[in-house]
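Worth saying up front: this structure is predicted, and the values here are computed from it rather than measured. Side-chain atoms are counted along with the backbone in the values below, which use heavy atoms only and exclude waters and symmetry mates.
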Amino acid sequence: MNATTSNGAIVTKISASPDLTKFQPAEFVKPRPNEQMKFEVNVAAETMEGMLKRAVVEPNLPSWGSFQLICDEGGALGGTDTAPPPLGYMAAGIAFCLLTHLSAYARSKKLNLASIKIEQRMEFSTTLVTDAEAEGDFRGMCDA
C-alpha cells in the first residue's frame, strides 16, 4: 500500500472530520483580553496496512482546518519508510510550536527578523521489537 491519501499527498487538508465519532469538539469560546485562550486539538487515528497509520487532526478553533496525515515506520520496525514516523511528527510539532511562540514574541516586541530557525535533537529508547516471538512489556521513552 502506498503511504498517500487519495490525492497522492501524505498530508491533506479536508473539509471536516467524519472520523471523530466518539465525541464532538467543544465550542470555542473567545477569551477576554488578558485571559488564556483554551482550545482543543482532536485526533482520530487508525492503523492501515503494515505499519501505515492514518490520523485526522481537527482543532476546534475558528478558521483552523482539519487535516488527514499518514505516517509509517522505517524498515527496522516493519514499515516501508514512505511517510514520516509518529515520533517525527511529534518532534516537528514541538519545533513548530516553539517557532509559533518565538514568532509571536518577536512580533509583540516589534523585532524585525527575517526568519527564525531552531534545531533540536530528541533522543528516544524503546524495547519494541518486530520479532513476533518476543515476550515482555514494550516500553518507549523520550530520553532527552
**OP:** Name all residues meeting the side-chain contact (heavy atoms from CB on, under 4.5 Å) criterion together with Leu98; count only those two or more places apart in sequence or in a different chain, and write none if there are none.
**Re:** Leu102, Ile118
**OP:** List for me each residue that meets side-chain contact (heavy atoms from CB on, under 4.5 Å) alongside Glu123, sequence neighbours excluded, and say none if there are none.
**Re:** Arg121, Asp143, Ala144
Subject >> Smallest separation among heavy atoms of Phe28 and Pro62, with atom names >> reply: CD2-CD, 3.3 Å
**OP:** Drop me the distance from Lys30's NZ to Met37's CE, to the nearest 0.5 angstrom.
**Re:** 11.0 Å
Subject >> Shortest non-hydrogen separation from Ala92 to Gln120 and the atoms involved >> reply: N-NE2, 4.4 Å
Original post:
What are the two closest non-hydrogen atoms of Asn60 and Glu40, and how far apart are they?
Top reply: OD1-N, 2.8 Å
Subject >> Rounded distance [0.5 Å steps], CD1 in Ile116 versus NE2 in His101 >> reply: 12.0 Å
Subject >> Side chains of Met51 and Cys71 in contact at under 4.5 Å (non-hydrogen atoms) >> reply: no
Subject >> Residues, nucleotides or ligands: over 12 heavy atoms within 6.0 Å of Phe96 CZ >> reply: no
Subject >> Minimum heavy-atom distance between Ile70 and Ala83, given as atom pair plus value >> reply: O-CB, 3.6 Å
Original post:
With the 4.5 Å side-chain cut-off for hydrophobic clustering, are Tyr105 and Leu99 part of the same group?
Top reply: no
Subject >> Phe124-Tyr89 co-clustered via ILVMFWY side chain contacts under 4.5 Å >> reply: no
**OP:** State, to 0.1 Å, how close Pro59 and Gly65 come at their nearest heavy-atom pair, and which atoms those are.
**Re:** CD-O, 3.4 Å
Original post:
Cluster question for you: counting only ILVMFWY and a side-chain heavy-atom cut-off of under 4.5 Å, with indirect links fine, are Val57 and Trp64 together?
Top reply: yes
**OP:** Check Lys53 against Met48 and note the closest heavy-atom contact, atom names and distance.
**Re:** C-SD, 3.8 Å
Subject >> Side-chain donor/acceptor of Asp72 to backbone N/O of Asp81, under 3.5 Å >> reply: yes
Subject >> Sidechain-backbone polar pair: Thr126 side chain, Arg139 backbone, donor-acceptor under 3.5 Å >> reply: yes
Subject >> Hphob cluster co-occupancy, Val41 + Phe67, side-chain heavy atoms under 4.5 angstrom >> reply: yes
Subject >> Any Met122 side-chain heavy atom under 4.5 Å of Leu87 side chain >> reply: no
Subject >> Pair Leu52-Thr82, side chain to side chain contact (heavy atoms under 4.5 Å, CB included): steps then yes or no >> reply: CA-CA 9 Å; Leu52 291 174; Thr82 56; 3.8 Å; yes
